[in-house]
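Okay, so here's the structure we're looking at.
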Amino acid sequence: MLSQPICQQARLSRDRRYDGLFFIAVTSTGIYCRPVCPVQPPKEQNVRYYATAHEAALAGYRPCLRCHPDSAPGSSLWIGADVTLKRAIRLIDEGALHDSNVAALASRLGISERYLRKLFQEKLGIAAKQYALYRQVLFAKQLLHQTALPITDIAFMAGFGSLRRFHDEFKQQLRLTPSQVRGNRTRHMSTILQLELPYRPPLNWPLMLAFYQARTLEGMEWVEGETYGRTIYWPLHQPQYHGWFEITPDPTLPVMQLKLDWPDANSLQAVVHHIRQVLDLDADSQTIDQHLAAAGGFPVHVGLRLPGLWSPFEAAVRAVLGQQVSIAGARTQLNRLVQGIAATTLPDGRRRFVTPSELANSALDMIKVPQARRATLNALGAAVQQQPHDAPTAWLSIKGIGPWTVSYALMRGQGEPDVWLGGDLGIQKALKAVAIDPSAFAPWRSYATFQLWHLPKTDKEPA
DNA sequence: ACGACAGACTT
DNA sequence: AAGTACATGAAG
């Protein structure tokens with residue numbers, strides 16, 4: 001937590017750099033704000049500072065209606081959390097506690113329920129279920145602000161099992177009823193949802209866009225102007241639903257404009273959260289860039305995030321087809337793969353990525369690769385089909401899948417921040433040029449990897 | 001690890 | 001007058 005004088009100075013000058021790092025609760029009004037809030041600054045004697053929005057809410061304050069202090073990215077809770085806890089948080093954000101309980105989540109994580117409870121209480125100071133409810137309420141609030149959906153629908157989309165329960169929890173956390181939050185506002189609404197995804201600057205969108213553009217697959221991904229779009233599926237490894245999204249940076253605010261076509265209300269929160277994570281919007285670029293710059297050796301691209309793929313499976317398939325060939329070569333084979341399976345054409349003419357079972361059962365004669373590569377892909381498809389919840393490291397036992405491929409899947413498929421692609425040709429070359437021990441980049445070695453890929457123009461980047 | 005109880009959740 | 005949308009008390 002920042003010290004009181006720093007917070008005071010930051011709020012009085014409405015310093016953007018401190019946005020999201022702390023929150024201002026005002027005892028006289030019972031409301032809490034962001035440091036950038038446009039209102040008349042309250043007297044210091046009436047002010048209490050909190051590190052997170054949730055702590056302020058717990059202390060009985062309700063979020064300000066002008067600066068929306070709860071809409072700042074939720075990454076602060078993640079800082080200092082260990083791997084299991086992060087996985088738990090991720091699963092909860094994807095709705096793991098909506099209709100099953102903490103016990104089920106614990107067994108999914110391979111730990112005891114007791115230990116999971118302890119983990120949350122000790123590291124976050126809040127119970128797992130409480131955290132889940134907090135995210136559910138915030139998601140509902142976002143939909144109230146940014147869509148015209150009926151409040152009843154929103155309740156269920158946010159994962160509440162009954163209207164009654166939704167109203168109760170909403171009021172307890174925000175001290176406002178859902179309709180009070182919505183106000184008069186009636187915005188456009190169709191089957192296509194438009195939402196704003198806030199992030200903490202800086203964000204180097206041009207660089208990410210270029211990375212995506214060089215790798216787009218026909219009908220499945222597209223880049224137009226500043227917009228990146230792609231088709232998506234859920235759940236990740238046994239797709240039941242298909243849709244697409246487009247994402248564009250807002251010209252003035254630190255917000256990405258999301259256009260989302262998604263058919264299933266129940267998984268909406270999971271999908272929106274997954275989009276955030278694929279685009280790495282929760283990364284704290286300021287800290288990461290500082291760290292990489294301190295490690296030294298090369299000029300840092302400011303605000304570079306990890307441009308993710310939709311699933312670890314998809315990342316692994318791309319990695320396997322990218323072994324030993326250029327980006328363009330890999331892209332050709334991937335296009336053939338997707339187009340060679342007729343079922344990938346969606347009703348609207350777009351294309352979706354192949355599923356694990358399709359990959360497992362196809363003869364794969366549409367792609368021109370060594371036979372061994374086909375066998376690897378078949379085996380990968382079968383493995384994911386049978387054990388959809390296995391981590392990518394489990395795929396190491398498949399012939400043709402080595403550490404490089406798994407690392408790539410972790411980095412691009414699940415946004416792992418600290419993966420080092422030491423075996424990569426481009427990386428080895430770049431590293432020789434800068435002469436640094438890669439351990440200096442920890443715990444942000446994935447970002448260092450992307451920085452180095454973008455460094456000088458190398459001809460052998462992976463697909 | 002266990003049981004009682006509070007309060008989370010549904011109708 | 002009937003129907004829809006939202007909020008909330010009561011009970012299990």
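Worth knowing before you read on, the calculation uses all heavy atoms, side chains too, and leaves out hydrogens, waters and symmetry mates. Residue numbers start from 1 in every chain, and the chains themselves are labelled A, B, ... in the order their sequence lines are given, proteins ahead of strands.
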Taking [atom1] from [X] and [atom2] from [N], how many angstroms apart are they, rounded to a whole number?
X        : N      : atom1 : atom2 : value
A:Asp153 : C:dT4  : CG    : C1'   : 12 Å
A:Leu163 : C:dG9  : CG    : P     : 15 Å
A:Phe166 : C:dC6  : CZ    : C1'   : 10 Å
A:Leu97  : B:dA8  : CG    : C1'   : 13 Å
A:Asp168 : B:dT11 : CG    : C1'   : 13 Å
A:Gln172 : C:dG9  : CD    : P     : 14 Å
A:His167 : C:dA10 : NE2   : C1'   : 17 Å
A:Arg117 : B:dA1  : CZ    : P     : 15 Å

Cationic N near anionic O, under 4.0 Å, A:Asp282 to A:Arg276 =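 Looking at A:Asp282 and A:Arg276, the cut-off is met.
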Using a strict cut-off of less than 4.0 Å between a Lys/Arg side-chain nitrogen and an Asp/Glu carboxylate oxygen, indicate whether A:Arg48 and A:Glu55 qualify as a salt bridge.
->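 No, no charged N to carboxylate O under 4.0 Å.
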Think A:Ser179 has a side-chain N or O under 4.0 angstrom from the OP1 or OP2 of C:dA7?
->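 Yes, because at least one side-chain N or O of A:Ser179 sits under 4.0 Å from OP1 or OP2 of C:dA7.
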N/O (side chain, A:Lys171) to phosphate O (OP1/OP2, C:dA7) under 4.0 Å |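 No, no such contact exists.
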Paired with C:dG12 by Watson-Crick or G-U wobble geometry, both distances under 3.5 Å: which nucleotide is it?
->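 Base-paired to B:dC9.
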Re C:dA7: Watson-Crick or G-U wobble partner, both distances kept under 3.5 Å, found to be none
Counting only N and O atoms by type, is there a donor-acceptor contact under 3.5 Å from the side chain of A:Arg14 to the main-chain atoms of A:Cys37?
-> yes
Heavy-atom side-chain proximity of A:Phe245 to A:Leu258 below 4.5 angstrom |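 They are in side-chain contact.
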Determine whether more than 12 heavy atoms belonging to other residues, nucleotides or ligands lie under 6.0 Å from atom CD of A:Glu44.
->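 Counting neighbours around CD of A:Glu44, more than 12 heavy atoms of other residues, nucleotides or ligands fall under 6.0 Å, so yes.
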DNA chain B: 5'-proximal contact among A:Arg114 and A:Phe160 (nearest heavy atom) = A:Arg114
Among C:dC6, B:dT11, C:dA7, find the nucleotide with the atom closest to the side chain of A:Ser162.
->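 The answer is B:dT11, which lies nearest to the side chain.
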